[in-house]
Protein chains: 2
Amino acid sequence: MSRRDFHRATEAERRHDLIEATLDCIAEAGLQGATVRQIADKAGVTAGLIRHYFASKDVILQEAYKVLITRLTEKAKNLDGTPEQRLASFIFVNLTEPVANSRSLSLWAAFISRVSVDPALAAIHREGYLSFRQELEQLLADFFAARGVAADPARICTLAIAMNGILDGLWLEGCLAGELFGEGELVSIAFSSIEALIGHPIKPPTPTETDREYRDALRIHHR
Amino acid sequence: MSRRDFHRATEAERRHDLIEATLDCIAEAGLQGATVRQIADKAGVTAGLIRHYFASKDVILQEAYKVLITRLTEKAKNLDGTPEQRLASFIFVNLTEPVANSRSLSLWAAFISRVSVDPALAAIHREGYLSFRQELEQLLADFFAARGVAADPARICTLAIAMNGILDGLWLEGCLAGELFGEGELVSIAFSSIEALIGHPIKPPTPTETDREYRDALRIHHR
DNA sequence: CTCGCAGTTATTCAAGCGTATAACAAATCC
DNA sequence: GGATTTGTTATACGCTTGAATAACTGCGAG
């Protein structure tokens, strides 16, 4: 029994590593598999260190949830292009890698199942959800404005909720049954559904040269 | 310390009570709150009895998941009316009580988060999912047949997946943010999205006299 | 250069977990 | 109407959990 290597790290590094380890544990074995010992083991430290950086196990779970939400939504923020392009990119980004995959779903479901139980997680969820929807509302408002269409805020709100629902459902379906149909198919379905919803056609986003994934998606879509 | 009342029950009753208690525990405190002691307490028996009816705690969870899936899907089966009415009812039933509420979502998320971890739950999930989609495919096939439209099986399969996704997402949205918009709004959004998806209008289902909930939904929808 | 101190490891603790088993109560059988 | 079987309670066991604490390590201040 030799003593574990003693390695000092900065606070930022440690917290990051521990949170990543937490997410890994949850993805691999569910919330029940994310014990302080498993997390510490995956992060290459001993269990006691977790309590040195996080007041309790609940706190590290909350931090991990924040990181997950950020990761799932950051790609859909700061899009550029015309309002139409941004809206199209928003749809695309949310239904393709790295947002849409089975690991994301596992993590998301694990936390969602505790949102109704743990008030702290519920607050984090609420914040992330409202922020995401607000982003979507802005996109829609810009889209309508660019088309010279009158944009009733209440209607935009409803549309955002509905569009959010459609994206969630297709994202879910893609994560769950991803092998049953290509990513491009999902994106295509999303476009036609959402076009019907808002009553306007949306041009697909202009692919960049390096966006191989997008071309793959289109290829699957059109085959 | 007096001994707990000794009350004999039939096997069907006991199993039912224990499974209901399990679902209650999960809904109230998450999967982590569904311990054998909590379940037994909620069912009004002692912990040992659970192992008399179920080989292990995993088994009672599996049985509870089966019951949940059945409850969430049975309302959408054996619909009657014309193919168009059945399809419309299918949409409606899946987006209103008792299928769409926050308790359903809590339970669903709890189990989904373990589907990727527990092979037994994965098998149950797969069966329920495929059965649900097959039901939907049949509805779509009948719908197209009644309209005299050529129904390519592969296309129907894709449509069923997409429609399933849209329904899932709106169901999710309704469960999560149900207070933010009326049920009728959700149903209305579902109709317009799905009509766009399949390229045909769908008449809303004919309400029965006793279907107060439906009238409420429509009222909210048209306000 | 050494000494204090913050970061890390190792160990310990009480509580709760799933499970096993023994004791008990009420039907059922002969 | 006693013996037997079966549903139920009660207790115990071994293990894991989150948390607390003690021991150790190495860097930086003085």
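Computation of the quantities below employed the complete heavy-atom set of this structure, encompassing side-chain atoms and omitting hydrogens, waters and symmetry-equivalent molecules. Quick caveat, the model's predicted, so the values are computed rather than measured.
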Hey, is CD on A/Glu74 packed in by over 12 heavy atoms from elsewhere, all under 6.0 Å?
-> yes
Give one of base, sugar-phosphate or nothing for B/Ala47, where a contact means two heavy atoms less than 4.0 Å apart.
-> nothing
Between C/dT8 atom P and A/Ile50 atom CD1, what is the distance in whole Å?
-> 12 Å
Report the residues that fulfil salt bridge (charged side-chain N to carboxylate O under 4.0 Å, His left out) with B/Glu20, sequence neighbours left out, ordered by chain and then residue number.
-> B/Arg71
Give me the residues of residues 51-63 of chain A where at least one heavy atom lies under 4.0 Å from an atom of DNA chain D, by number, or none.
-> A/Arg51, A/Ser56, A/Lys57
Taking side chain to side chain contact (heavy atoms under 4.5 Å, CB included) as the test, write out the residues that go with B/Ser56, two or more places apart.
-> B/Asp58, B/Val59
More than 12 non-hydrogen atoms from neighbouring residues, nucleotides or ligands closer than 6.0 Å to NZ on A/Lys57, yes or no?
-> yes
Round to the nearest Å and state the distance from B/Leu49 atom CG to D/dT6 atom C1'.
-> 12 Å
Mark yes or no for whether B/Trp108, through its side chain, and B/Leu172, through its backbone, hold a donor-acceptor pair below 3.5 Å.
-> no
Is A/Glu63 salt-bridged to A/Lys66, going by a charged N under 4.0 Å from an acidic O?
-> yes
Apply salt bridge (charged side-chain N to carboxylate O under 4.0 Å, His left out) to A/Arg14 and list each qualifying residue two or more places apart in sequence or on a separate chain.
-> none
Just how large is the angle between the end axes of the helix from C/dC1-D/dG30 to C/dC30-D/dG1, five pairs per end, to 10 degrees?
-> 10°
Give the B/S/- string for nucleotides 25-30 of chain D, one per nucleotide from 5' to 3', where a protein heavy atom under 4.0 Å of the base yields B, of only the sugar-phosphate yields S, and otherwise -.
-> BB----
Got a sec, which residues hit salt bridge (charged side-chain N to carboxylate O under 4.0 Å, His left out) with B/Arg103, two or more places apart in sequence or on another chain?
-> B/Asp24
Taken in chain and number order and not counting sequence neighbours, the residues that satisfy ring pair (Phe, Tyr, Trp, His ring centres under 6.0 Å) with B/Tyr129 are none
Could you tell me whether the side chain of B/Ser131 and the main chain of B/Glu127 form a donor-acceptor pair under 3.5 Å?
-> no
Where along residues 13-42 of chain B does a heavy atom come under 4.0 Å from DNA chain C, residue by residue in number order?
-> B/Thr35, B/Val36, B/Arg37
Report, one line per pair, each donor and acceptor closer than 3.5 Å where one atom sits in a side chain of residues 28-41 of chain B; sequence neighbours left out.
from, atom 1, to, atom 2, distance (Å)
B/Glu28, OE1, B/Lys42, NZ, 2.7
B/Glu28, OE2, B/Lys42, NZ, 3.0
B/Thr35, OG1, B/Gln38, N, 3.1

Rounded to whole angstroms, how far apart are CD on B/Glu11 and P on D/dG7?
-> 7 Å
Sorted by chain and residue number, the salt bridge (charged side-chain N to carboxylate O under 4.0 Å, His left out) partners of A/Asp142 (sequence neighbours excluded) come out as A/Arg86
Closest to the A/Val45 side chain: C/dT9, C/dT8, D/dT9?
-> C/dT9
Tell me, please, which residues at least two apart from B/Ala120 pass side chain to side chain contact (heavy atoms under 4.5 Å, CB included).
-> B/Gln62, B/Asp118
